There are 2 protein chains.
Amino acid sequence: MRHVAALAGVGIKTVSRVINDEPGVSEATRSKVLNASQQLNYQLDMAAGSLRRAGRRTLSVGLLLPSVSNPFSGEINRAMEDALGARGIAVFAASLDDDPQREKAIVAAFLGRRVDGLILTPITRSQAYVIPEHSRDLPLVFIDREPVGIEADAVVTDNATGAAKAARHLISRGHSRLAYLGDRTDIQTARERRRGFIEELGRQGIPTSTVPVRENLHDEESARLAALELLTATEPPTAIFSSQNLVTFGAMRALRELGLSKRVALIGFDDFTLADMMDPGVTVIAQHPERIGKLAAERLLARIDGDKQSPHTYVVPSELIQRGSGELLPPA
Amino acid sequence: MRHVAALAGVGIKTVSRVINDEPGVSEATRSKVLNASQQLNYQLDMAAGSLRRAGRRTLSVGLLLPSVSNPFSGEINRAMEDALGARGIAVFAASLDDDPQREKAIVAAFLGRRVDGLILTPITRSQAYVIPEHSRDLPLVFIDREPVGIEADAVVTDNATGAAKAARHLISRGHSRLAYLGDRTDIQTARERRRGFIEELGRQGIPTSTVPVRENLHDEESARLAALELLTATEPPTAIFSSQNLVTFGAMRALRELGLSKRVALIGFDDFTLADMMDPGVTVIAQHPERIGKLAAERLLARIDGDKQSPHTYVVPSELIQRGSGELLPPA
DNA sequence: GATTATTTTGACAACGATGTCCAGTCGTAG
DNA sequence: CTACGACTGGACATCGTTGTCAAAATAATC
């Protein structure tokens with residue numbers, strides 16, 4: 001900036017004014033400065049600016065997702081980028097891997113970079129460790145999973161209701177021998193989905209104690225094995241609910257191996273590409289990651305802009321998409 | 001930091017030394033400082049530090065991908081994060097959307113944040129616009145697509161060779177009426193794949209002028225329509241090569257609609273989830289995004305560490321994965 | 001105990017920008 | 001011709017940190 005000022009023959013502050021479109025600069029000097037800055041290929045250093053700027057805005061935020069390589073997270077990431085990019089805010093994206101240690105390390109890295117806000121998918125038992133920052137007015141929005149040990153905005157899917165919807169759907173097709181395949185129990189959404197599913201069975205008069213529940217299935221292979229086991233037991237279930245993408249894939253593989261794809265009903269939580277191209281098409285409880293991402297970004301921006309209303313949890317409804325696998329009837 | 005120094009009753013520079021693990025601090029003062037910084041919940045401001053620090057490192061890099069929501073990009077993003085995170089480097093990820101304007105805007109945003117390096121998937125005709133920065137020693141690695149108008153490292157898939165492999169595979173199964181479905185021609189990889197495919201046909205003695213080539217298919221629907229058109233023409237192809245994921249999906253839909261899934265061969269460029277669960281399984285030329293991402297990250301780190309060797313393009317080989325659709329034989 | 005070598009420490013300027021505030025310049029009205 | 005406000009421009013301190021360098025404290029040596 002000094003160099004530009006020198007080349008243009010003006011003061012350094014005048015350059016700052018031109019670059020930041022502040023008023024009070026004549027057309028003549030304005031173009032002199034712009035010329036000079038073009039010639040030197042000058043670019044404003046935002047970091048240096050934010051050091052002095054009111055509110056210390058860095059125009060960057062930290063986004064912590066289950067994993068940037070997971071399609072659900074990818075959609076959220078994208079929605080974020082779109083909503084925040086319009087305001088000139090850049091996004092640091094990082095992957096949680098459902099590791100509490102990692103969560104803390106990543107949050108620390110974000111804080112060290114003085115982000116203007118944090119959007120977090122947590123896995124720690126309590127997120128009280130961000131209270132100091134949050135009470136110093138650091139905007140904070142939780143996404144996909146609700147916060148524990150701290151009051152802050154959150155945007156989540158109606159996990160329990162969605163799972164209950166699946167249960168009701170299967171029961172209404174005449175199923176009474178249902179099974180549940182779930183993810184790690186330290187993941188809040190997994191617990192919620194199980195709760196919603198089981199409670200709905202209870203409401204519909206199905207004895208819940210006999211319902212096979214297999215949990216802590218975190219990948220395709222363990223889900224496949226669990227499903228195989230269930231399906232080859234005596235009195236196998238006539239319908240399966242799987243609480244997550246990879247678990248659904250594992251269940252699909254098990255069903256195919258046993259030639260049961262068209263005989264045992266399946267509903268999965270989470271939509272996925274080509275679900276309609278399977279045989280039969282896979283019925284799912286679809287989440288809306290783009291809406292979740294957009295809403296979370298909007299809440300964050302509102303907080304950044306000084307919104308002081310008390311924290312609130314926003315629920316984005318899920319949607320049952322019928323494609324065939326969830327509409328299979330139990331054997332007569 | 002001032003406050004920490006005050007509370008610990010030491011000079012500000014001593015605090016800096018402790019925080020940065022510099023030598024020459026006695027155990028006694030060290031723990032005094034650590035105590036104070038704990039009490040105040042102090043966190044180093046990297047931005048301020050990088051202002052003065054030798055080399056002005058910000059410990060952040062900019063990553064420009066086709067779209068963070070696309071699984072291929074997601075894998076690359078993840079590999080990047082893993083390789084760079086180990087060095088404490090955070091990643092700004094952004095989506096290109098194959099829009100040249102957007103590319104320039106995003107690169108400018110990265111530069112304004114003084115990233116330590118840039119990893120770019122370009123769509124502009126020429127990337128000469130980054131020459132000033134690059135010659136001022138800004139590390140730069142192109143990914144997936146090779147640079148034009150500037151000399152820099154690149155990490156790409158062997159697009160032409162991979163497509164040729166597909167052609168050879170189909171021809172060896174007896175096909176002679178092949179068709180090509182391709183993406184937008186302003187995308188370098190799309191052009192390379194077409195070239196590789198067509199040239200291989202030539203080498204194998206198939207008259208290339210009669211091969212139907214449909215290009216500029218950027219989404220599933222346009223690909224589906226193009227495929228439908230090809231397949232319902234007189235003398236339809238007995239084998240199709242699709243140059244990209246979404247195009248492959250479109251072709252799959254068209255084949256299914258016409259009941260030809262098991263009669264017309266299909267090979268797609270790009271692997272995808274559940275490809276083996278389709279009926280028939282979809283034969284693909286798989287890329288290795290994790291390897292591409294890892295290698296690009298390694299090259300970037302090497303450059304950051306001062307590697308001065310002349311720019312080089314690294315090619316990550318693709319892999320033909322046989323799953324059934326590419327092994328269908330032509331009707332007798 | 002004096003002197004030197006070594007370690008530990010802090011004062012200060014600087015990084016690149018912006019906020020504050022004051023000094024010119026100019027046009028216009030009295 | 002003076003006075004006054006509006007506009008324009010620049011000097012300077014400052015943000016939080018680190019590099020430089022010299023001072024102070026401590027240890028080692030004779």
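Sequence lines set the chain letters: A, B, ... in the order given, protein chains first and strands last, and positions in each chain run from 1. Everything numeric here is computed off the predicted structure, so don't read it as measured data.
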Q: Can you check the R52(B) CZ to dG16(C) P distance for me, whole Å?
A: 9 Å
Q: Students often get this wrong, so: under 4.0 angstrom with heavy atoms, is G49(B) touching a base, only sugar-phosphate, or nothing?
A: sugar-phosphate
Q: Side chain of K13(B): nearest nucleotide among dC15(D), dA17(C), dG10(C)?
A: dG10(C)
Q: Below the 4.0 Å mark, does dC15(C) have OP1 or OP2 next to a side-chain nitrogen or oxygen of S50(B)?
A: no
Q: Which part of the nucleic acid, if any, lies within reach of I12(B) when heavy atoms closer than 4.0 Å are counted: base, sugar-phosphate only, or nothing?
A: base
Q: Answer yes when R303(A) and D116(A) have at least one side-chain N-carboxylate O distance shorter than 4.0 Å, and no when they do not.
A: no
Q: Within the 4.0 Å heavy-atom criterion, would you say Q43(A) contacts the bases, only the backbone, or no part of the nucleic acid?
A: sugar-phosphate
Q: Just how far, in rounded Å, is C1' of dA17(C) from CE of M1(A)?
A: 6 Å
Q: Salt-bridge test for D99(A) and K104(A): reply yes if a basic N is under 4.0 Å from a carboxylate O, no otherwise.
A: no
Q: Counting only side-chain N and O atoms of T14(B), is one of them less than 4.0 Å from OP1 or OP2 of dT9(C)?
A: no
Q: Does a side-chain N or O of S26(B) approach OP1 or OP2 of dT9(C) to a distance below 4.0 Å, or not?
A: yes
Q: Could you check whether E103(A) pairs with R145(A) (Lys NZ or Arg NE/NH1/NH2 to Asp/Glu carboxylate O, under 4.0 Å)?
A: no
Q: Any side-chain heavy atom of R87(B) sitting closer than 4.5 Å to one from L84(B)?
A: no
Q: Does R56(B) place a side-chain N or O at less than 4.0 Å from the phosphate oxygens OP1/OP2 of dG16(C)?
A: yes
Q: OP1, OP2 of dG10(C) versus side-chain N and O of R17(B): anything below 4.0 Å?
A: no
Q: With the threshold set at 4.0 Å, does a side-chain nitrogen-carboxylate oxygen contact exist between E298(A) and K294(A)?
A: yes
Q: Respond yes when some side-chain nitrogen or oxygen of S16(B) is under 4.0 Å from OP1 or OP2 of dT18(D), and no when none is.
A: yes
Q: Distance check: side-chain N/O of R2(B) vs OP1/OP2 of dC15(D), anything under 4.0 Å?
A: yes
Q: In whole angstroms, how far is the P atom of dT20(C) from the CZ atom of R53(A)?
A: 14 Å
Q: In whole angstrom, what separates E22(B)'s CD from dT17(D)'s P?
A: 14 Å
